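Working notes, beginning with the structure itself.
It should be emphasised that the depicted structure is a prediction, and the values quoted were computed from it without experimental measurement.
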Amino acid sequence: QVQLVESGGGLVQAGGSLRLSCAASGRTFSSYAMGWFRQAPGKEREFVAFISWSGGSTYYADSVKGRFTISRDSAKNTVYLQMNSLKPEDTAVYYCAASPSLATSSHPAKWGQGTQVTVSS
């Protein structure tokens, strides 16, 4: 079983940067694809980025491509989301997610509790 705890959210001005972290517990962390979703007020939860279990493959939503970078440190059981050039429309609760494979990343098996990111204009 994998349990996920996010951190690193906060308030930042437009154009600024934040780094989210997701600490995972459980011996099977290294076998899971990991990623991030977000949900803005009044909107559905949407895919942001995912990374394969090996770290060799990454996928991004078009809206964040070129601005966000996902990475993982298997030694620390942690996944990161580096967010640069933030825009007000990036404001949302960001959720860490785990999936048995990239193929099933649109429907993760595990979710974290979420961390708020607010970008002011």
Side-chain angles (χ1 to χ4, degrees):
Q1 292 290 334
V2 174
Q3 293 184 328
L4 309 173
V5 178
E6 302 98 331
S7 61
L11 174 64
V12 64
Q13 289 188 332
S17 299
L18 281 175
R19 189 177 79 157
L20 305 183
S21 299
C22 173
S25 61
R27 293 179 294 175
T28 57
F29 168 79
S30 61
S31 67
Y32 276 77
M34 301 291 297
W36 297 87
F37 283 68
R38 67 186 182 187
Q39 187 167 19
K43 295 187 177 181
E44 294 186 353
R45 192 173 296 189
E46 64 175 4
F47 173 89
V48 175
F50 239 80
I51 187 167
S52 63
W53 67 269
S54 68
S57 297
T58 56
Y59 294 93
Y60 298 91
D62 288 342
S63 58
V64 307
K65 204 171 292 183
R67 300 188 297 122
F68 290 11
T69 302
I70 189 170
S71 62
R72 66 189 296 163
D73 185 338
S74 294
K76 296 181 178 180
N77 279 7
T78 302
V79 175
Y80 304 98
L81 186 68
Q82 178 66 44
M83 304 185 295
N84 298 328
S85 302
L86 283 162
K87 305 175 181 180
E89 51 264 42
D90 294 318
T91 295
V93 177
Y94 283 70
Y95 296 91
C96 182
S99 181
S101 70
L102 283 177
T104 58
S105 61
S106 61
H107 294 85
K110 294 289 183 180
W111 294 96
Q113 83 287 353
T115 185
Q116 177 70 46
V117 172
T118 303
V119 184
S120 63
S121 58

Run the numbers on Trp53 and Ser31 for side chain to side chain contact (heavy atoms under 4.5 Å, CB included), then give the verdict. CA-CA 5 Å; Trp53 67 269; Ser31 67; 5.5 Å; no

Side-chain (Gln82) to main-chain (Arg19) donor-acceptor, under 3.5 angstrom: no

Shared hydrophobic cluster, Val79 / Val64 (ILVMFWY, side-chain heavy atoms < 4.5 Å): yes

Met83/Arg67 under side chain to side chain contact (heavy atoms under 4.5 Å, CB included): CA gap, chis, key distance, verdict: CA-CA 6 Å; Met83 304 185 295; Arg67 300 188 297 122; over 6 Å; no

Distance (rounded to the nearest 0.5 Å) between Lys87 NZ and Ser121 OG: 14.0 Å

Is a side-chain donor or acceptor of Glu6 paired with a backbone partner of Gln113 at a separation under 3.5 angstrom? yes

For the pair Arg72 (side chain) and Ala33 (backbone), establish whether a donor and an acceptor sit closer than 3.5 Å, ignoring hydrogens and angles. no

Electrostatic pair Lys65:Asp62 at N-O distance under 4.0 angstrom: yes

Restricting to side-chain hydrogen bond (donor to acceptor under 3.5 Å, both in side chains), what partner residues turn up for Tyr32, sequence neighbours left out? none

Ser106: partners by side chain to side chain contact (heavy atoms under 4.5 Å, CB included), with sequence neighbours left out: none

As an exercise, state the distance from OG of Ser52 to CD1 of Ile70, rounded to the nearest 0.5 Å. 9.5 Å

Results of side-chain hydrogen bond (donor to acceptor under 3.5 Å, both in side chains) for Asp73 - residues two or more places apart only: none

What distance do Gln39 atom CD and Gln116 atom CD have between them, rounded to the nearest 0.5 Å? 11.0 Å

Check for me, please, whether Met34 and Tyr80 land in the same ILVMFWY cluster - side-chain distances under 4.5 Å, paths through other members count. no

Considering only residues two or more places apart or on different chains, which pairs with a residue in residues 3-45 satisfy disulfide (SG to SG under 2.5 Å)? Cys22-Cys96

The criterion is side chain to side chain contact (heavy atoms under 4.5 Å, CB included); which residues satisfy it with Ser25, sequence neighbours excluded? Gln3

Interatomic spacing from CZ in Arg38 to CG in Asp90 - rounded to 0.5 Å: 5.0 Å

Without hydrogens or angle criteria, can the side chains of Ser99 and Thr104 be said to hold a donor-acceptor pair below 3.5 Å? yes

Please find the pair of heavy atoms, one from Leu4 and one from Ala24, that lie closest to each other, and give the distance. CD2-CB, 3.7 Å

Which other residues end up in the same hydrophobic cluster as Leu102, if Ile, Leu, Val, Met, Phe, Trp and Tyr are linked when side-chain heavy atoms come under 4.5 Å apart? Phe37, Phe47, Phe50, Tyr59, Val93, Tyr95, Trp111

Which heavy atom of Ser17 sits nearest a heavy atom of Asn84, and at what distance? OG-OD1, 2.9 Å

Qualifying residue for side-chain contact (heavy atoms from CB on, under 4.5 Å) with Leu81, from Val117, Val48, Leu18: Val48

Within the distance-only criterion (no hydrogens, no angle test), does the side chain of Thr91 pair as donor or acceptor with the backbone N or O of Val119 below 3.5 angstrom? yes

Working to the nearest 0.5 Å, report the span between OG1 of Thr58 and CZ of Phe68. 14.0 Å

